[in-house]
There are 4 protein chains.
Amino acid sequence: MSKEKNSKIHENKIIKRNKLFDAAYDLFITKGFTSTAIDDIVKKAGVAKGTFYLYFKDKYDIMDHLILSKSSSVIKEALQKIKDENYDNYIDRVISFTDYIVEYFKNNKMLLKIIHKNLSFGLFRKALQKPEEYKEMKEAADLLLSSLKKEGFSNDRIEKVLFMVIELTGSVIYSSIILEEPDTIENMKPVLFMMIKKMLTI
Amino acid sequence: MSKEKNSKIHENKIIKRNKLFDAAYDLFITKGFTSTAIDDIVKKAGVAKGTFYLYFKDKYDIMDHLILSKSSSVIKEALQKIKDENYDNYIDRVISFTDYIVEYFKNNKMLLKIIHKNLSFGLFRKALQKPEEYKEMKEAADLLLSSLKKEGFSNDRIEKVLFMVIELTGSVIYSSIILEEPDTIENMKPVLFMMIKKMLTI
Amino acid sequence: MSKEKNSKIHENKIIKRNKLFDAAYDLFITKGFTSTAIDDIVKKAGVAKGTFYLYFKDKYDIMDHLILSKSSSVIKEALQKIKDENYDNYIDRVISFTDYIVEYFKNNKMLLKIIHKNLSFGLFRKALQKPEEYKEMKEAADLLLSSLKKEGFSNDRIEKVLFMVIELTGSVIYSSIILEEPDTIENMKPVLFMMIKKMLTI
Amino acid sequence: MSKEKNSKIHENKIIKRNKLFDAAYDLFITKGFTSTAIDDIVKKAGVAKGTFYLYFKDKYDIMDHLILSKSSSVIKEALQKIKDENYDNYIDRVISFTDYIVEYFKNNKMLLKIIHKNLSFGLFRKALQKPEEYKEMKEAADLLLSSLKKEGFSNDRIEKVLFMVIELTGSVIYSSIILEEPDTIENMKPVLFMMIKKMLTI
DNA sequence: GATGAATGAGTCTTCATTCAT
DNA sequence: GATGAATGAAGACTCATTCAT
């Protein structure tokens, strides 16, 4: 009975945390991070102000969790896709993976805006150090890494090249989707994929 | 006499504007953008608060001008360097250009921090539309473009590829210099240059 | 004209500062220090919140100034009284001085409450170091000191004894007026004066 | 059996109360009264927040009990000392008593700080009205009172003089130990004792 | 053109207290 | 009796911007 009680309380806590999470997400992508006040978040979540501080340290804390959570879920989906498709060429796999992410952000411009301005690799590093919580990321990273290793990439280079592919992709996505600079994402995609292929060819 | 007086007044205005500019620059790279208040800027510049709004729309406005001005001067220097060196290989030219910029930001970490967080290509676009004011940028762009054109790059692709090279370089510089992620800039450089070469090879 | 203008502005500033001062005083003695919010003060003074911070660092700052200002004015009055009376006995002078202060606080219980809880000798020390601003205090201190010196008190002891007389007086005043402990001020007075006489007798 | 159970429960309650008491004491003298939150106290005591309110009305309540308890125990020790020493001069007895308290607070500066800011004679009055709980205080008071009575002090005056001696001692201790104003406690002691002697001499 | 006093909305954060479990 | 999640009022302080002089 005590267990049941605790589980109910625990459940409530998760629900409340999620309410805050969702409210913050909605507001951040609608009004932007800076223009969103804690007050807005709690009002939308239907909880008291103090409750916010029970679950998050401050506005930056909830933002970090948000970025990680959203990124993680995109990556998870992209990962599932390439698993299902079963390419035997590793470059095709990377391209397909990338394509999924491009398409995702085409439909989530505001999220892209938010994420981009607040993204830091420190965040991802932390995430990869908690494999239980962000196992999709870990899995995605490992899959790509092992693919490249098989192709004869030196250990030393793999990480750096992958990092650059990711950074380039991120930049192009942001710039072309949000600013249409230097061109629309549709026109950038073929060039981007070509570049990725070149970068990944030994 | 009226002319003389006017020119003196005009000169005074430029001096005042520059004072604000320099003060803002010093403060931004010391304390960061967010932590710098208009109040700090005007105090350091030795002018009244209202005067700030006579010369700049707001804090973002002065920041944009700052980024443009500083970027422009780095590019100018890099440009001068590759002109002096006289490579006949266009890829070497790009690498040398890039190298100059990397080295510059290694010695100006704070500026790099500021610029990165506030960079937008809209800014550069505007700059390129005022060739008289930012002629170094225009020149640099034209030089690289014509080099690639000679090599047989299709007009359509040149701009996009160049854009990607710049974005990749920017990302790597920021990440490796500021965060040492995924490695130090020294260790990233050879890989970065290799990637650039691949990207620029037909 | 410029002078006139400046003096008008300067005058306005003093008026505004005084408004805040008076509002704070009224509220502190009515509601107490802790229960008075900056908001209350500015509303009562009829100025904006930010204006408060133009004149005072925080609530403690205005309180310190208040204590000093009020103490200073009581002391000034007490000083004037003993000057007018022209006692030739130094003990009578001290007693008369003390009596004035006792009577003053009998009629200003709330001020006594506030002052007592926030009094610190550091404050007075600072005040005595600005003789131009708090010259009454300086004068009072010097007068008493020189009286005792003439009577043969060793320099070493004068300050300590005077300190104790002041502390004792303060304690008795506070306790008897505010708490009527251990008796009313009327009944404490003769004993207090007797004790002071004993303390000041060589 | 019911009795046994009840006594065990009762014991548990006392233990819990003491835990809160000790935790509060430690925190108050470490961080100060205002900076200590109920939350800190219950965490340190290892109980839930609500439990605090089962034993104490609020933060002021636990503070009052703390002051009384600590004061009572110092006084008890001081009392024991003068009993052991067996002076036949009543003034020496008071001086010795005082000296013990001075020495005690020299080694417990933080406690002194806390007590001073929150001391009120109302507290002691209450204590003296519960002789069973604070019998040391009652005893000390009676001992000193009867000493003075024997010397011919009028009943009326005894209480007041004693009150003043206590107040003076308290003020000097606080000021000299905490602020070293107007001098260190070592240098104040001889003057303080001399004053006490004068005050107690008929 | 220049000034700088004044504004007041906006923001985060703390914490004593309650009450359903 | 005990718990601790939830509350939400209360509070201090900041700062970009305006405008009368």
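Below, chains carry the letters A, B, ... as their sequence lines are ordered, and counting in each starts from 1. The analysis underlying the following values was restricted to heavy atoms, covering all of them including side chains, and did not include hydrogens, waters or symmetry mates. Because the structure is predicted, anything quoted here is derived from the model rather than measured.
Pairs of residues two or more places apart, or lying in two chains, that qualify as salt bridge (Lys or Arg N to Asp or Glu O under 4.0 Å) and include a residue from residues 29-41 of chain B are B/Lys31-B/Asp40, B/Asp39-B/Lys43, B/Asp39-B/Lys49. Screening residues 51-60 of chain A for salt bridge (Lys or Arg N to Asp or Glu O under 4.0 Å), with sequence neighbours left out, gives no hits.
D/Val42 comes within 4.0 angstrom of nothing in the nucleic acid, heavy atoms only.
Look at NZ on D/Lys43: it is 17 Å from C1' on F/dA2, rounded to the nearest Å. The nearest whole Å value for the distance from the CD atom in C/Glu11 to the C1' atom in F/dT21 is 15 Å. In this structure, A/Ile15 atom CD1 and F/dA6 atom P are separated by 10 Å, rounded to whole Å. Put simply, CD1 on C/Ile14 is 13 Å from P on E/dA5, counting in whole angstrom units. At whole-Å resolution of the value, NZ in D/Lys13 and P in F/dA2 are 7 Å apart. The separation between C/Lys16 atom NZ and E/dG4 atom C1' is 13 Å, rounded to whole Å. Between the OH atom of D/Tyr60 and the P atom of E/dC15 there is a distance of 12 Å, rounded to whole Å. In this structure, D/Phe56 places its CZ atom 17 Å from C1' of E/dT17, rounding to the nearest Å.
Atoms NZ and CG, from B/Lys16 and B/Leu20 in turn, are 9.0 Å apart once rounded to the nearest 0.5 Å. Separation of atoms CE (A/Met63) and CD1 (A/Ile115) is listed at 8.5 Å; rounding is to 0.5 Å.
Secondary-structure stems of DNA chain E, taken as three or more successive Watson-Crick or G-U wobble pairs (i with j, i+1 with j-1) under a 3.5 Å distance threshold, comprise E:2-21 with F:2-21.
Comparing C/Leu54 and B/Val47 along DNA chain E, the residue whose closest nucleotide (by nearest heavy atom) sits nearer the 5' end is B/Val47. Mapping A/Tyr55 and B/Phe52 onto DNA chain F by nearest heavy atom places A/Tyr55 closer to the 5' end of the strand.
Within a heavy-atom distance below 4.0 Å of DNA chain E, no residue of residues 19-29 of chain A is found.
Listed by chain and residue number, nothing satisfies the ring-ring contact (aromatic ring centres under 6.0 Å, His included) test with A/Phe21 (two or more places apart in sequence, or in another chain). With sequence neighbours excluded, no residue satisfies ring-ring contact (aromatic ring centres under 6.0 Å, His included) with A/Tyr53. Judged as a ring-ring contact (aromatic ring centres under 6.0 Å, His included), and not counting sequence neighbours, the contacts of D/Tyr174 are D/His116. Taking the side-chain hydrogen bond (donor to acceptor under 3.5 Å, both in side chains) definition, one finds that A/Thr51 meets it with nothing, sequence neighbours left out.
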Show which side-chain atoms of residues 23-30 of chain C pair as donor or acceptor with protein atoms under 3.5 Å away, not counting sequence neighbours.
unit_1, atom_1, unit_2, atom_2, d
C/Thr30, OG1, C/Asp26, O, 2.3

N/O contacts under 3.5 Å, protein versus nucleotides 13-16 of chain F?
unit_1, atom_1, unit_2, atom_2, d
F/dC13, N4, C/Lys49, NZ, 2.8
F/dA16, OP2, B/Ile38, N, 3.0

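Looking at B/Val47 and B/Phe52, their side chains never come closer than 4.5 Å, going by heavy atoms from C-beta outward.
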- Message: Checking C/Lys70 against C/His65 for the side-chain contact (heavy atoms from CB on, under 4.5 Å) test, could you report, in this order, the C-alpha distance in whole Å, the side-chain angles of both residues, the deciding distance, and whether it holds?
- Response: CA-CA 8 Å; C/Lys70 294 297 169 184; C/His65 283 277; over 6 Å; no
